[in-house]
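Right, I'll just put the structure down here and ask away after.
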2 protein chains.
Amino acid sequence: MKDNNEMPGHLARRFQQIAVAVFLAEVEAVGFDLTPVQYAALAAIELNPAIDQATLAGLIAYDRTTITGVVDRLVQKGLIARRASKRDRRARELEITNQGKTTLQAITPAVEAAQRTLLRGLNEKEAEQLMRLLQKAISAGNELSRAPLRETAAERA
Amino acid sequence: MKDNNEMPGHLARRFQQIAVAVFLAEVEAVGFDLTPVQYAALAAIELNPAIDQATLAGLIAYDRTTITGVVDRLVQKGLIARRASKRDRRARELEITNQGKTTLQAITPAVEAAQRTLLRGLNEKEAEQLMRLLQKAISAGNELSRAPLRETAAERA
DNA sequence: TACTGATGATCAGTATGCTGATCAATATCA
DNA sequence: TGATATTGATCAGCATACTGATCATCAGTA
């Protein structure tokens with residue numbers, strides 16, 4: 001069997017493992033308690049007012065069943081509000097609260113620091129190259145996971 | 001806020017998400033039911049007979065509390081055996097079973113196919129480069145997660 | 001309009017992965 | 001030796017992710 005370091009799947013797992021640890025450490029250091037997943041959802045909701053959960057899931061490539069719990073916790077923390085849609089009674093519209101906006105602003109520097117820390121072993125050029133290659137591989141594999149990235153209705157227009 | 005595609009943490013999550021989906025699909029296609037995590041543990045146990053759980057965890061960078069459940073499931077599937085160590089009565093020694101060896105051999109082609117599928121968007125040179133950059137970033141961040149990669153006693157000698 | 005299929009949300013169940021705790025056993029050092 | 005610290009394994013609790021199911025609602029069509 002090959003060395004683990006020759007297995008892209010293993011590297012993917014390790015990189016993600018470190019990414020989460022770094023994110024949580026940086027965010028906790030500025031006094032907040034938000035996971036990477038919760039942060040991504042919160043940021044997406046701010047940029048897309050009244051978004052429904054299914055669209056949100058496609059926007060950040062989450063599984064639709066995972067979104068339910070994530071939204072639950074964001075609501076519970078008072079960072080977003082969930083209300084029934086009038087257009088479609090199946091859907092729930094999500095809206096960021098003032099506290100959510102404040103939180104987002106406050107942790108943005110920590111989030112950016114986390115991204116730098118994650119790539120601290122690479123120089124500028126290497127970091128740029130890694131991002132490009134990851135984007136390319138992810139783009140080619142997008143449809144292989146149950147939670148592919150989807151365009152918003154606005155982007156399709 | 002930056003586009004998600006400019007956030008290495010987001011890319012890490014997506015890449016890992018696709019890696020797991022591809023692995024499970026390829027392995028299931030040849031009639032087996034084994035997760036990436038279970039596979040890595042099983043392969044490491046075969047290469048390191050009588051390894052204890054803590055060393056195993058360090059070898060493949062798993063959290064020690066996660067290992068307990070993974071080992072449970074491998075034992076339950078009959079792929080490994082767990083017995084008390086005589087040298088250290090706290091430790092459990094792990095050994096692959098014949099069925100475990102057979103399973104490993106049988107799924108190895110599928111595992112290798114999964115690695116290729118994961119990188120199908122990249123050419124040979126790009127794939128090699130991505131692996132190298134990931135290794136470098138991971139190496140620099142190794143100590144930042146709770147479950148860093150550790151040398152085995154044999155490697156330290 | 002009635003039927004059929006698709007969609008939004010949720011649920012139960014399972015598997016990682018983590019935090020922090022506990023317990024037994026071992027190692028270390030005053 | 002005896003006190004202390006460390007280590008191996010496990011546990012409870014929480015948060016992602018997934019599979020597959022259900023339920024309500026909506027959309028398209030015969």
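The sequence lines fix the lettering, A, B, ..., with proteins before strands; numbering per chain opens at 1.
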How long is the line joining CD of A/Gln38 and P of D/dC14, in whole Å?
14 Å
Quick one: list whatever passes salt bridge (Lys or Arg N to Asp or Glu O under 4.0 Å) with B/Arg82, sequence neighbours left out.
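B/Arg82 satisfies salt bridge (Lys or Arg N to Asp or Glu O under 4.0 Å) with B/Asp72 once adjacent residues are dropped.
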Can you list the residues that meet the side-chain contact (heavy atoms from CB on, under 4.5 Å) rule with B/Arg90, with sequence neighbours excluded?
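Partners of B/Arg90 by the side-chain contact (heavy atoms from CB on, under 4.5 Å) criterion, ordered by chain and then number, come out as B/Asp88.
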Can a side chain N or O of A/Thr65 be found less than 4.0 Å away from OP1 or OP2 on D/dA17?
no
So, do A/Asn48 and A/Leu56 sit near enough that their side-chain heavy atoms are less than 4.5 Å apart?
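Contact flag for A/Asn48/A/Leu56 side chains = no.
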First and last nucleotide of DNA chain C in contact with chain A, 5' to 3', at under 4.0 Å to a heavy atom: what are they?
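Going 5' to 3' along DNA chain C, contacts run C/dA6 to C/dC18.
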Side-chain H-bond candidate by donor/acceptor type, A/Gln17 with A/Arg14, under 3.5 Å:
yes
Would you find a donor on one side and an acceptor on the other, under 3.5 Å apart, between the side chain of B/Gln38 and the backbone of B/Leu74?
no
Which parts of residues 82-90 of chain B get close to DNA chain C, meaning a heavy atom less than 4.0 angstrom away?
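By residue number: B/Asp88, B/Arg89, B/Arg90.
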Test item: side-chain donor near acceptor, A/Gln135 and A/Arg132, under 3.5 Å
no
To the nearest Å, how far apart are A/Lys77 NZ and D/dC14 P?
13 Å
In this structure, how many angstroms lie between the P atom of D/dC14 and the CG atom of A/Leu34, rounded?
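Those two atoms, CG and P, are 18 Å apart.
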Heavy atoms from other residues, nucleotides or ligands near CZ of A/Arg87 exceed 12 (cutoff 6.0 Å):
no
Using a 4.0 Å heavy-atom cut-off across all strands, classify B/Arg92 as base, sugar-phosphate, or nothing.
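Sugar-phosphate, no base atom in range.
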Going through the checks in order, is the side-chain contact (heavy atoms from CB on, under 4.5 Å) test met by A/Arg146 and A/Arg64?
CA-CA 9 Å; A/Arg146 171 163 138 162; A/Arg64 63 189 185 285; 3.8 Å; yes
Rounded to whole Å, please give me the gap between CG in B/Asp63 and P in D/dT16.
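After rounding, the gap between these two atoms is 17 Å.
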To the nearest angstrom, the CZ-P distance between A/Arg64 and D/dT16 comes to 18 Å
With a cut-off of less than 4.0 Å, is there a side-chain N or O of A/Arg73 near OP1 or OP2 of D/dT16?
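Yes, because at least one side-chain N or O of A/Arg73 sits under 4.0 Å from OP1 or OP2 of D/dT16.
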Just name whichever nucleotide pairs with D/dA30, Watson-Crick or G-U, keeping both distances under 3.5 Å, else none.
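Across any shown strand, D/dA30 pairs with C/dT1.
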For the pair made of CD in A/Glu28 and C1' in D/dA15, what is the distance, rounded to whole Å?
16 Å
Across the strands shown, which category fits B/Thr35 at heavy-atom distances under 4.0 angstrom: base, sugar-phosphate, nothing?
sugar-phosphate
When you measure from every atom of DNA chain D, which of residues 12-26 of chain A have a heavy atom less than 4.0 Å away?
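Output list: A/Gln16.
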List the atom pairs, with distances to 0.1 Å, where a side-chain N or O of residues 118-126 of chain A and a protein N or O form a donor-acceptor pair under 3.5 Å, not counting sequence neighbours.
{"residue": "A/Arg120", "atom": "NE", "partner": "B/Ala140", "partner atom": "O", "Å": "3.1"}
{"residue": "A/Arg120", "atom": "NH2", "partner": "B/Ala140", "partner atom": "O", "Å": "2.8"}
{"residue": "A/Asn123", "atom": "OD1", "partner": "A/Lys125", "partner atom": "N", "Å": "3.0"}
{"residue": "A/Asn123", "atom": "OD1", "partner": "A/Glu126", "partner atom": "N", "Å": "2.7"}
{"residue": "A/Glu126", "atom": "OE1", "partner": "A/Asn123", "partner atom": "N", "Å": "3.0"}
{"residue": "A/Glu126", "atom": "OE1", "partner": "B/Lys136", "partner atom": "NZ", "Å": "3.2"}
{"residue": "A/Glu126", "atom": "OE2", "partner": "B/Lys136", "partner atom": "NZ", "Å": "2.7"}

Quick check: do A/Thr35 and A/Phe23 have side-chain heavy atoms less than 4.5 Å from each other?
no
Return yes if some donor-acceptor pair links the side-chain N/O of A/Thr97 with the main-chain N/O of A/Gly78 below 3.5 Å, else return no.
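Indeed, once roles are kept as given, a pair shorter than 3.5 Å links the two residues.
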